[in-house]
> 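This is the structure I want to talk about, given as C-alpha cells.
None of these values were measured; they are calculated from a predicted model. If you read the sequence from its start, that first residue is 1, and numbering goes on from there.
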Amino acid sequence: MFMTRSAIGALMGVLSLSSVSMADEIKFGIGVAEGDYPEYNAVLRFKEYVEFKTNGDITVRLFPGNQLGGEREMLEQVQQGSLELTLPADGAMAGFYPPMQVWSVPYIFESAPIAWEVMNGPFGDAMREDILEQTGMRALAFSQNGFRSFTNNVRPIVNPDDMAGLKIRTMESPVYMEMVKSLGATAVPISGAEVVMALRQGVVDGQENPPAVVYSGGAGEVQKYYTLNEHTFGLHVVIANNDWFESLSPGHQQIIQDAAKLAAWTENLQKTEGDWLYSRQLEEELGMEIHVSTPEEKAAFRDVVQEPVLQFIRSNVGDELVDELLNEVETVKSRMYGSQ
C-alpha cells in the first residue's frame, strides 16, 4: 500500500505532536504512606516542581507505602535501573554504603540547623560524590529524618541511670545496638513493622524514634513515657539511578537537582516543626508523659554514650571520616554562633 505525499506529511505531523506531548514518566518509591507526613509532602513537592518546571515533559509517579517493597528492595531497584528515585533512611543506606554510619554518632548535633549546614556543606558534598563512586547511585540531597528519642512503659527517662535494665527496640543496626548497650539497657533489634506488637506484648519496654514516627506509627498508643533526649540525628537520602540521571538533558538535570533540594528542605522544616506538634498530640490525644531534656541532661547522656559509640564507628568507617565530621561540626558551630 502506497501513501500519498500529503498523507505522509499528515502522519509525520501527528507523530511530531505525539512526541512533543508524550511525557517521560519517572517513578519515585517511598516507604511512608500517602498523607500529611513530612516524607510524603517532600516527594509531592518534588513531583509538583519537576512537572511544573519541565512543562509536563517529565511526569513523576509516586509509589508511597512500600508498594515497591521495603527500603532495601527499592534501593536495589534504583541500583539496577528499574526505579528512578527513592528516599531511604541512613540505616538502610548503610547496607549499600557503610560510611553512612558516621552520621549516627550520638549527640553530635546540638540542633537541627547545625545538621542542615553540615549536610549541605563540604562534608555532605564529599560524601554524595563518594556514594556515586562506591555504589553507582547518585545522592541528590540529604534531608532530616528526625532526632531519635526514647519511649518506654517503665519510668520517665531523665538521666542515663534511668536506662538501666530496660529492653529497648532498635533498628537492625550495630551502631544503635551499641548505643543502647552503652547506656546499660538491652538492645533488641526488631523490624519496623513489628514494633507496635512487640511493645504491646511486652517483648520490649520501649523504642526510639522521632515524634512524627511515634505518633503515626502507633507506638504512642502503647507507650507511657517519652523523653525527647534527641540522641541521634537520622537522615534520608534522595537517591537516583545515575544512568537515568545522566540520560537527561542538562536543563532537566538541573531541575531534578533543584527539586531534590526543595524536597529536602520541605522535610527538614516539617520534621523540625513536627517535634513539638506531634509531641503535643501524643500528650493531649494519647496521654503520654513528655519530658524535654535540658542541655545539661543531654550532656550527661553524651558523656556516657558518645565515646563508646565513637570507638565502634571508628572501627567500622575509619578515623579519618569520623574526624572530618567532628571538625566540620565545630566549624559550623563557630560560624553560626561565634566563640562561646
> With the side chain counted from C-beta on, respond yes when Gln254 and Lys53 share a heavy-atom pair under 4.5 Å apart, and no when they do not.
no
> Has Arg280 got its NZ or CZ under 6.0 Å from the middle of the six-membered ring of Tyr215, at an angle within 45 degrees of the ring axis?
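So Arg280 doesn't make the cation-pi contact.
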> Could you walk me through whether Phe150 and Leu228 pass the side-chain contact (heavy atoms from CB on, under 4.5 Å) test, one step at a time?
CA-CA 7 Å; Phe150 290 114; Leu228 298 181; over 6 Å; no
> Could you check whether Arg169 pairs with Glu194 (Lys NZ or Arg NE/NH1/NH2 to Asp/Glu carboxylate O, under 4.0 Å)?
no
> Hey, does Glu39 have a side-chain heavy atom less than 4.5 Å from the side chain of Lys271?
yes
> Got Val180 and Val305 here, is their nearest side-chain heavy-atom distance under 4.5 Å?
no
> Please list every donor-acceptor pair under 3.5 Å in which a side-chain atom of residues 309-316 meets a protein atom from a residue at least two apart or in another chain.
unit_1	atom_1	unit_2	atom_2	d
Gln311	NE2	Glu307	OE2	2.5
Arg314	NH1	Asp319	OD1	3.3
Arg314	NH1	Asp323	OD1	3.1
Arg314	NH2	Asp323	OD1	2.9
Ser315	OG	Phe312	O	2.5
Asn316	ND2	Phe312	O	2.8

> Can you tell whether the side chains of Asp258 and Lys261 come within less than 4.0 Å, N to carboxylate O?
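No.
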> How would you list all residue pairs meeting salt bridge (Lys or Arg N to Asp or Glu O under 4.0 Å) that involve residues 228-249, not counting sequence neighbours?
Arg138-Glu246, Glu230-Lys298
> Yes or no on side-chain contact (heavy atoms from CB on, under 4.5 Å) for Met74 and Leu87, after CA distance, side-chain angles and deciding distance?
CA-CA 9 Å; Met74 286 188 282; Leu87 187 72; over 6 Å; no
> When you compare the side chains of Tyr226 and Asn152, does any donor N or O come within less than 3.5 Å of an acceptor on the partner?
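Judged by distance alone, the side chains do not pair up.
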> How would you list, by chain and number, every residue that makes a salt bridge (charged side-chain N to carboxylate O under 4.0 Å, His left out) with Glu34, sequence neighbours excluded?
none
